[in-house]
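First the structure, in the form of structure tokens, and then the observations on it.
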Number of protein chains: 2
Amino acid sequence: MHAELQLDNQVCFRLYTAARLVTQAYTPMLTELGITYPQYLVLMVLWEKDCQPVNDIAHRLMLETNTVTPLLQRMEKLGIISRKRGEQDKRQHIVSLTAKGREMEQKAYDLIPTGMSEQLASCPLKLEDYQRLVQELDSIINTFKK
Amino acid sequence: MHAELQLDNQVCFRLYTAARLVTQAYTPMLTELGITYPQYLVLMVLWEKDCQPVNDIAHRLMLETNTVTPLLQRMEKLGIISRKRGEQDKRQHIVSLTAKGREMEQKAYDLIPTGMSEQLASCPLKLEDYQRLVQELDSIINTFKK
DNA sequence: ATAATTTATATCGCAAGCGATTTATTCCTA
DNA sequence: TAGGAATAAATCGCTTGCGATATAAATTAT
């Protein structure tokens, strides 16, 4: 029996589980918006800076283009983004928000912070715990990013 | 521009990214074992206690049976677990390790702690940071679990 | 300038993850 | 004890995530 191989001793299993559960907590609000969590991430990237090539979005989310491309194709079908070939560099696909995609920012703002803080009410973590958590997660991300 | 909706302010995005990256860090060792990360989680559950019904494994991993059942079917095909109907309760499928599945514990022990600590060498977090991180993640998991 | 290389994106195939539904068995209850 | 509710597991359909590969455009080297 190797203690190192016990589930209870695994940071990774906790990250994996916490990520799944917190993502699930977003689901009711995101369903109301008609999108998924990864689609919401793409929207946050574009709300911050519209008109970006696929690669920039992928880098920002630390995902591969083979994940992001189909995600964007589905979002295009939903009418929340549009894609057009880059003018200087025709290999690029420039992704921009449609009016619908832009309007979703306000709806998200109305639903998500409230919805999440209700669910977080029973969480014992304080503001400074979250701040430290964010730093620790950033350390882990920086350690393992390529 | 809503600061609440910026990627940089999101704990969830960090959890999602850290979980993906740390899971990827396991991949080289797990590939050598011929399994995936979720399959490794199932093995850890069974190494700790062999012969469990599908539901107990799913609860331990906080996953639904509709995720775990196909995972177990793939593991059965790989020859690392076997499934048989429960004797008292014929609805259950009791999952047990094969000889191959049992032998993988030692191989995992030889590969994974070493492989991970090599990769973690450049991580600035100390033992006490990990211990606190584990507690914070457990708080989050407890807040959001069903 | 032409060929080789690199870069941007897309496509393919497979494993997860999960909501919704189905099937089989067991439990409970009238 | 017959019938309905609850439970265990499986199936279906869809999205994501990713390794491997393909395609097309741009860059570079010869």
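In what follows, chains carry the letters A, B, and so on, assigned in the order in which the sequence lines appear, proteins first and then strands, with residues in each chain numbered from 1.
Of the listed nucleotides (D:dT16, C:dA16, D:dA10), D:dA10 has the atom at the smallest distance from the side chain of B:His93. Picking from C:dA10, C:dT26, D:dC18 the nucleotide with the shortest atom distance to the side chain of A:Thr69 gives C:dA10. Of the listed nucleotides (D:dA9, C:dA15, C:dT25), C:dT25 has the atom at the smallest distance from the side chain of B:Asp89. In the set D:dA10, C:dA8, C:dA16, C:dA8 carries the atom at the smallest distance from any side-chain atom of A:Gln92. Relative to the side chain of A:Gln73, the nucleotides C:dT11, D:dA25, D:dA10 differ in distance, and C:dT11 lies closest.
Ion pair A:Arg60/B:Asp8 flagged as a salt bridge, since at least one NZ, NE, NH1 or NH2 atom sits closer than 4.0 Å to an Asp/Glu carboxylate oxygen.
In this model, the phosphate group of D:dC18 is not approached by any side-chain N or O of B:Thr27 to a distance below 4.0 Å at OP1 or OP2.
In this structure, the OH atom of A:Tyr26 is 16 Å from the P atom of C:dC18, given to the nearest Å. Atom OH in B:Tyr37 sits about 23 Å away from atom P in D:dT16, given to the nearest Å. For A:Leu71 and C:dT11, the CG to C1' distance is 16 Å, given to the nearest whole Å. When rounded to the nearest whole Å, the span between CZ of B:Arg85 and C1' of C:dA24 equals 8 Å. Taking atom CD of residue B:Glu87 and atom P of nucleotide C:dT26, one finds them 12 Å apart after rounding to whole Å. One atom, OH of A:Tyr16, and another, P of C:dA15, lie 15 Å apart when rounded to the nearest Å. In this structure, the CZ atom of A:Arg74 is 13 Å from the C1' atom of C:dA10, given to the nearest Å. Protein atom CG of A:Asn55 is 17 Å distant from nucleotide atom P of D:dA25, rounded to whole Å.
A perpendicular orientation is assigned to the rings of A:Tyr16 and B:Tyr37, their planes being inclined by more than 60° (bins at 30° and 60°).
Between A:Gln39 and A:Leu30 there is no side-chain heavy-atom pair separated by less than 4.5 Å.
Nucleic acid contact class of B:Glu64 (heavy atoms, under 4.0 Å, all strands): none. Residue-level contact check: A:Arg83 touches the backbone only, with heavy atoms under 4.0 Å from sugar-phosphate atoms and none from bases. Backbone-only engagement by B:Arg20 is indicated by non-hydrogen atom pairs under 4.0 Å involving sugar-phosphate atoms exclusively. B:Thr67 comes within 4.0 angstrom of a nucleotide base, judged by non-hydrogen atoms across all strands. Within the 4.0 angstrom heavy-atom criterion, base atoms lie near A:Asn66.
The residue among B:Gln24 and B:Ile94 whose nearest nucleotide of DNA chain D is located toward the 5' end is B:Ile94. If you find the closest nucleotide of DNA chain C to B:Gln39 and to A:Val54, the one lying nearer the 5' end belongs to A:Val54.
Judged by distance alone, with hydrogens and angles left aside, the side-chain atoms of B:Gln119 form a donor-acceptor pair with the main-chain N or O of B:Ala25 at under 3.5 Å. Using modelled atom types, one side-chain atom of A:Thr98 and one backbone atom of A:Gly79 make a donor-acceptor pair closer than 3.5 Å.
Taking only distance into account, the side chain of B:Arg91 meets the base of D:dT7 through a donor-acceptor pair shorter than 3.5 Å.
Counting non-hydrogen atoms of neighbouring residues, nucleotides and ligands closer than 6.0 angstrom, the CD atom of B:Glu128 exceeds 12 such neighbours.
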